[in-house]
Amino acid sequence: MHGEPGSAQHIVRLVSSGAASSRADLVRELGLAPSTVSLRVQELVAAGVLTESGEGASRGGRRPRLLRVRAQGGIALAADLGSHHARLGAVDLDGTVRDTADLPHDITAGPESAVDWLCERVTELAARERAAGRTVRALGVAFPGPVRPGEGRVLSPSRMPGWHRYPLRDVLAERLGLPVTVENDATMMAVGEHAVARPDLDHLVVVKAGRGIGSGVIAAGRPHDGANGAAGDISHVRIEEAGERPCSCGNIGCLETVASGAALIRELARQGVEVATTGELLQLVADGDPQATTLVRTAGRHIGTVLSVVVNFFNPQAVALGGVLATAEPLVAAVRGVLYERCLPVATADLEITTTVTGPDAGLLGAGLTALRRHLRTSPLAQEPPIVGQDHPSATPVQEESAPA
């Protein structure tokens, strides 16, 4: 995500994060010659990625001109996929999210129907963005399962038969005719939270607690995928309290079987309380229902138990809880309590334990910014990519319809 020092990607990151607002700032941050920095800034301005205007505060000489990421310099479409829903939107390089929509869809039914559905939704979104005068440069997808780094190929996702080794990135790129990135959803949450809300932190764990459980890791300022894209998968850590409960992964006693939204819904049903979604479960908690509140609090303790090992081992600066279950204060409080109880004092002395600032947009931000920055890294001054749905032999037709920006 950072890009090579002094690369177009790195310069855009420094400007978008606020670390640099002028050429002089970039010279200081990058340690490069002023002439080199000026050349690269001019290229990015010419490409429509940066703007340079106005005057900043003087530090004893001529007032510097201010650099900003150009909002109309291009956007990425982004899709944050869950097992039974998807959130779609458009993301600017400066971290603005627009035109979001939450849509129901069961991707556990298999990749073919999921790809058809996603291509239709993405094509519709692309048409709206173009009608508003924005340039679509790439698509970023956050997928709820392991994704092989650099390949965009899905690997052994639980509860999703038919998806193993599916080349999702390549299939979408061929169908849509534009650059595509596919990464794990929890990792993309961590990237979005880090880039937009916590760019000053180098070591961060972001937990996605929803229908399932996962976590994304930022190590030394970069997302850590692991060798096969499975880094951060706390869902299938075995815990004593889960006993012999069978898990969708084929093992027994996984955290997911006692702490995920799906597990809590099943347990409530065994207690005679029927809810269909985690949203309904959380409404019971908000209303003070004792059974639901006890279950959510206990789930928080289970999650905290597993995270205590992560915190002791990885020593992050912050643990941010995201996903729909993180909106339940009893769960967040339980996680915080277990971490302070079980972790080494040196690991929690300066540890921030909180909820995500970016909330439901974290995954969209991570997927969109990853797609934009990779496109910028490979071709900062490239020609415009093909319009989605046009000039591509296997592209999905686009309905040219206008919509408000």
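In what follows, every heavy atom counts, from backbone to side chain, and hydrogens, waters and symmetry copies are set aside.
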For H203 and P316, indicate whether the former's side chain and the latter's backbone hold a donor-acceptor pair under 3.5 Å. no
Short side-chain to backbone donor-acceptor contact, R153 and R165, under 3.5 Å: yes
Extract all donor-acceptor atom pairs below 3.5 Å that involve side chains of residues 266-274 and protein atoms in other chains or at least two apart in sequence.
| from | atom 1 | to | atom 2 | distance (Å) |
| --- | --- | --- | --- | --- |
| E267 | OE1 | R270 | NE | 3.1 |
| E267 | OE1 | R270 | NH2 | 2.8 |
| E267 | OE2 | Q271 | NE2 | 3.3 |
| Q271 | OE1 | Q291 | NE2 | 3.2 |

With ring pair (Phe, Tyr, Trp, His ring centres under 6.0 Å) as the rule and sequence neighbours excluded, what pairs involving residues 115-151 come up? H105-W117, F143-W163
Are any side-chain N or O atoms of N184 and backbone N or O atoms of A186, one a donor and one an acceptor, separated by less than 3.5 Å? yes
Atom pairs and distances, side-chain donor-acceptor, residues 334-347, under 3.5 Å, sequence neighbours left out:
| from | atom 1 | to | atom 2 | distance (Å) |
| --- | --- | --- | --- | --- |
| R336 | NE | I353 | O | 3.3 |
| R336 | NH2 | I353 | O | 2.9 |

Residue pairs meeting ring pair (Phe, Tyr, Trp, His ring centres under 6.0 Å), one or both in residues 249-304, sequence neighbours left out, come to none
Applying salt bridge (Lys or Arg N to Asp or Glu O under 4.0 Å), which residue pairs with at least one partner in residues 348-363 are found, sequence neighbours left out? R87-D361, R198-E352
Have T108 and D106 got a donor and an acceptor in their side chains that come within less than 3.5 Å? yes
From CA spacing to verdict: side chain to side chain contact (heavy atoms under 4.5 Å, CB included), L39, E43: CA-CA 6 Å; L39 178 62; E43 290 175 342; 4.2 Å; yes
Show every salt bridge (Lys or Arg N to Asp or Glu O under 4.0 Å) that has at least one partner inside residues 310-332, sequence neighbours left out. none
Any donor-acceptor N or O pair under 3.5 Å, side chains E256, S248: yes
So, H194 side chain and L201 main chain: donor-acceptor pair closer than 3.5 Å or not? yes
